[in-house]
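Single-structure report; data block below.
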Amino acid sequence: MLLRNSAAGKDAVHHPLFARFYARMSQSGEKWMGAYRAELLAGLSGRVIEVGAGNGLNFPHYPAAVSEVVAIEPERGLRQHAVRAALRCEVPVDVVPGAAEALPVKSEGFDAAVLSLVLCSVRDVPRALAELGRVLRPGGELRFFEHGRAWDSGAMAKVQRALDATVWPHLFGGCHVARDPVAALREAGFEPGPYRRFRLPEQGLPTPVSYCVLGTARRPAAD
Ligand SMILES: C[S@@+](CC[C@H](N)C(=O)[O-])C[C@H]1O[C@@H](n2cnc3c(N)ncnc32)[C@H](O)[C@@H]1O
């Protein structure tokens, strides 16, 4: 297994407080999040790029048919957790510094790409998706598990827009709650589907981050 770590100078994303918070909180959510991560990655094979890998919670869920995962993570603290997670998993994972908007990899080198809870945080969504289109082979698959804008409540969508314009990105490492991941994929030229929308938690009162979507999209086979 080849592992590189944070020797690449200044990090593209610097959220040390959020990184510590996320590394701790996300572990405790894995009892129920694990099933969604397994669903996200089921059936993948070949070379995979995961962008915004965080502390590596997806790594144990990669199927054995995956020959290599290149895991891009810009935040130094989370990347260090990801390096340790990579050492514990069966599939070879190479943890690499970098940002979605300028992926440090060659064009058309990957069979599949994975985004999990990341499009909410990237600075420039169209640029990040254009980069994913560049690094996927023609016909390659993008798997996504994202949260976004409420689809069943105008009031919640309004609250989400207000949060995005004020405190939320500052409190949660650049996260936005009113984005529409599927619309962004379409605008970037991906062909979405199949995918499903659901609320997390599935029962009870929704929060601004409850509106999830999990599924696949394809880079068209011929541009
Ligand atoms: C909510 S965490 C999700 C982490 C992980 N994907 C997961 O499923 O647990 C958001 C992640 O996006 C990363 N991120 C933020 N801006 C990014 C960017 N411009 N490019 C790539 N990753 C980014 C953060 O560092 C963090 O790891």
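Order of appearance sets the numbers: ligands from 1, and atoms from 1 within every ligand.
Only the side chain of Arg37 comes within 4.0 Å of ligand 1, judged by heavy-atom distances.
If you number the atoms of ligand 1 from 1 as listed, the ones under 4.0 Å from a heavy atom of Val13 come out as 16 (N), 17 (C). Numbered from 1 in the order shown, with element, the atoms of ligand 1 that lie under 4.0 Å from a heavy atom of Glu75 read 25 (O).
Taking only nitrogen or oxygen atoms, main chain and side chain alike, Val51 does not reach within less than 3.5 Å of ligand 1. Distances between N or O atoms of Glu101 and those of ligand 1 include at least one value under 3.5 Å. For ligand 1, the polar-atom distance check finds an N/O of Gly52 within less than 3.5 Å of one of the ligand's N/O atoms.
Annotation: salt bridge (charged side-chain N to carboxylate O under 4.0 Å, His left out) contacts of Arg199 (sequence neighbours excluded): Asp152. Every residue two or more places apart in sequence or in another chain was checked for a salt bridge (charged side-chain N to carboxylate O under 4.0 Å, His left out) with Glu187, and none qualifies.
Classification of Glu39 and Arg196 as a salt-bridged pair holds, one side-chain N sitting under 4.0 Å from a carboxylate O.
In this structure, atom 14 (N) of ligand 1 lies nearest to the protein heavy atom Pro74 CG, 4.0 Å. Looking only at heavy atoms of the protein, atom 24 (C) of ligand 1 is closest to Glu73 OE2, 3.7 Å. Nearest to atom 10 (C) of ligand 1 among the protein's heavy atoms is Leu117 O, 3.3 Å. Nearest non-hydrogen protein atom to atom 15 (C) of ligand 1 is Ser121 CB, 3.7 Å.
The residue from Ala100, Gly173, Ser116 that puts a heavy atom closest to atom 8 (O) of ligand 1 is Ser116.
Ala53 counts as a contact of ligand 1, since one of its heavy atoms falls under 4.0 Å from the ligand.
Taking the six-membered ring for Trp and the full ring otherwise, the centers of Phe198 and Tyr36 sit less than 6.0 Å from each other.
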